[in-house]
Asker: 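This is the structure I want to talk about, given as structure tokens.
If you're wondering where the values come from, they're calculated on a predicted model, not measured in any experiment. Quick note: numbers below take in every heavy atom, side chains included, and nothing from hydrogens, waters or symmetry partners.
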Amino acid sequence: GLTIQYQGYSTDVTSVTTGGEIGGLLRFRSDALNPAINELGRTAIVVADSLNSQLGKGIDLNGDFGSSLFSSINSATAVANRSLASSNNSAGSGNLNVTVADSSKLTIYDYNVKFSSATAYSVTRSDGTSMGNFDLGTNPAPVIDGVTLGLNGKVATGDSFVVTPTRSGASAITNTLTDSNKLAFAAPLTGTATVGNSGTGTFTQPVLSSKLDIYSGTALSQLQSGIETSSPVKLVFGKTTDGAQSYSLFNAAGTSIGSG
């Protein structure tokens, strides 16, 4: 914004500066430049998140689950830099941690967040749309146009923040994968019929039913390890009785893990 600095205090005059060269520059920034930067950042975040998620589901040339091609869209720096505290906030006021929960829901808008208490806040989008009233104590945190808000520090009644979820998206994304052998283009699961089967039945290739969260750290490692150690899985069909045929499912150790 545009601020006039007086001795001992300052005043934001952005909203009343509408004419002349300065007014024109401010309108260009708000009406054309910022939306373009936001759209570029949104595209970068969506592309990085989509590619990382897809590679995380695949197997690379080393037989391992894939690694991310780009840096995390929710790195500590990215999360902290998506919010700007008002200069008029209370002394010692903290900032907001803005986490992308669903990149497909991101918009090109900015958001004004204003606190009516130490935990209660309202969100207004830069196009004037009221997004509603929320509370920091809500668990899980509400997802607002693809992002969630968390507090880093303290706030007081009347404190406000400008949230820009995609403004720095393009500049924050970096390439982290340099070994082409780690590009995971192969499916993690595959199935083959045993040689010597007497039946004529066929099957479709297996797919993962659980989403692999590439940003979950320990949880991701545990799920990937579970898939690796339980494979191969063997499906054995029983005899047909009265038009019905039973089956049993065995893990890599030969232990039954299901039937039907």
Asker: For Ser71 versus Ala172, what's the shortest heavy-atom pair and its separation?
Answerer: OG-O, 3.6 Å
Asker: Tell me whether Ser50 contacts the main-chain N or O of Val46 through its side chain, where contact means a donor paired with an acceptor under 3.5 Å.
Answerer: yes
Asker: Is the backbone of Ala78 close enough, under 3.5 Å, to the side chain of Asn81 for a donor and an acceptor to pair up by distance?
Answerer: no
Asker: Other hydrophobic cluster members with Phe237, side-chain heavy atoms of Ile/Leu/Val/Met/Phe/Trp/Tyr under 4.5 Å, chained?
Answerer: Val233, Leu235, Tyr247, Leu249, Ile257
Asker: Testing the basics here: between Asp49 and Ser103, what is the closest heavy-atom pair and its distance to 0.1 Å?
Answerer: OD2-OG, 2.8 Å
Asker: Just by modelled atom types, is the Ser68 backbone N or O under 3.5 Å from a matching donor or acceptor in the Thr176 side chain?
Answerer: yes
Asker: Tell me whether the rings of Phe115 and Phe161 are parallel (<30°), tilted (30 to 60°) or perpendicular (>60°).
Answerer: perpendicular
Asker: Restricting to non-hydrogen atoms, name the atom on Ser122 and the atom on Asn133 that form the minimum distance, rounded to 0.1 Å.
Answerer: CB-OD1, 3.2 Å
Asker: When rounded to the nearest 0.5 angstrom, what is the spacing between CG in Asn74 and OG1 in Thr77?
Answerer: 12.0 Å
Asker: Give me the one residue out of Thr124, Thr129, Asp145 that meets side-chain hydrogen bond (donor to acceptor under 3.5 Å, both in side chains) with Tyr111.
Answerer: Asp145
Asker: Determine yes or no for a side-chain-to-main-chain donor-acceptor pair under 3.5 angstrom, with Thr43 supplying the side chain and Glu39 the backbone.
Answerer: yes
Asker: Indicate the atoms forming the closest heavy-atom contact of Leu40 with Ala170, along with that distance.
Answerer: CG-CB, 3.9 Å
Asker: Determine yes or no for a side-chain-to-main-chain donor-acceptor pair under 3.5 angstrom, with Thr138 supplying the side chain and Asp135 the backbone.
Answerer: yes
Asker: Is a side-chain N or O of Asp60 found less than 3.5 angstrom from the main chain of Asp64, in a donor-acceptor match?
Answerer: yes
Asker: Rounded to the nearest 0.5 Å, how far apart are CG of Asn181 and CG of Leu61?
Answerer: 5.0 Å
Asker: Check the hydrophobic clustering (I, L, V, M, F, W, Y; side-chain heavy atoms under 4.5 Å; chains of links allowed) and say if Tyr121 and Val162 are grouped together.
Answerer: no
Asker: Could you please spell out the steps behind the side-chain hydrogen bond (donor to acceptor under 3.5 Å, both in side chains) verdict for Asn95 and Arg82?
Answerer: CA-CA 10 Å; Asn95 206 352; Arg82 293 172 180 149; over 6 Å; no
Asker: Between atom OG of Ser83 and atom CG of Asn152, what is the distance when rounded to the nearest 0.5 Å?
Answerer: 9.5 Å
Asker: Show, in sequence, the C-alpha distance, side-chain angles and deciding distance for Leu96 and Val163, and conclude whether the side-chain contact (heavy atoms from CB on, under 4.5 Å) test is met.
Answerer: CA-CA 8 Å; Leu96 296 178; Val163 171; 4.1 Å; yes
Asker: Roughly how far, to the nearest 0.5 Å, is the CG atom of Asp127 from the OG1 atom of Thr107?
Answerer: 8.0 Å
Asker: Tell me if a side-chain donor or acceptor on Thr241 pairs with a main-chain N or O of Ala244 at a distance below 3.5 Å.
Answerer: no
Asker: When rounded to the nearest 0.5 angstrom, what distance separates OG in Ser93 from CG in Asp159?
Answerer: 4.0 Å
Asker: To the nearest 0.5 Å, how far apart are CG in Asn89 and OG in Ser160?
Answerer: 5.0 Å
Asker: Are Val98 and Leu151 linked, directly or through intermediate hydrophobic residues, by side-chain heavy-atom contacts shorter than 4.5 Å (ILVMFWY only)?
Answerer: yes
Asker: Consider only side-chain heavy atoms of I, L, V, M, F, W and Y, link residues closer than 4.5 Å, and tell whether Leu84 and Val113 are in one cluster.
Answerer: no
Asker: Could you see if Val100 belongs to whatever hydrophobic cluster contains Leu69? Use Ile, Leu, Val, Met, Phe, Trp, Tyr and a side-chain cutoff under 4.5 Å.
Answerer: yes
Asker: In chain order, what residues pass the side chain to side chain donor-acceptor pair (under 3.5 Å) check against Asn97, with sequence neighbours excluded?
Answerer: none
Asker: Can you name the nearest heavy-atom pair linking Gly56 to Phe65, along with the distance?
Answerer: O-CD2, 3.6 Å
Asker: May I have the step-by-step check of side-chain contact (heavy atoms from CB on, under 4.5 Å) for Thr174 and Phe70, ending in yes or no?
Answerer: CA-CA 6 Å; Thr174 59; Phe70 299 102; over 6 Å; no
Asker: Cut-off 3.5 Å, side chains only: do Ser104 and Asp102 have a donor facing an acceptor?
Answerer: yes
Asker: Under a single-linkage definition using a 4.5 Å side-chain heavy-atom cutoff for Ile, Leu, Val, Met, Phe, Trp and Tyr, are Leu106 and Ile144 assigned to the same hydrophobic cluster?
Answerer: yes
Asker: If you take all heavy atoms of Val155 and Ser117, which pair is closest and at what distance?
Answerer: CG2-O, 4.4 Å
Asker: Is any side-chain heavy atom of Thr166 closer than 4.5 Å to one of Ile45?
Answerer: yes
Asker: Quick one: list whatever passes side chain to side chain donor-acceptor pair (under 3.5 Å) with Arg167, sequence neighbours left out.
Answerer: Asn38, Asp110
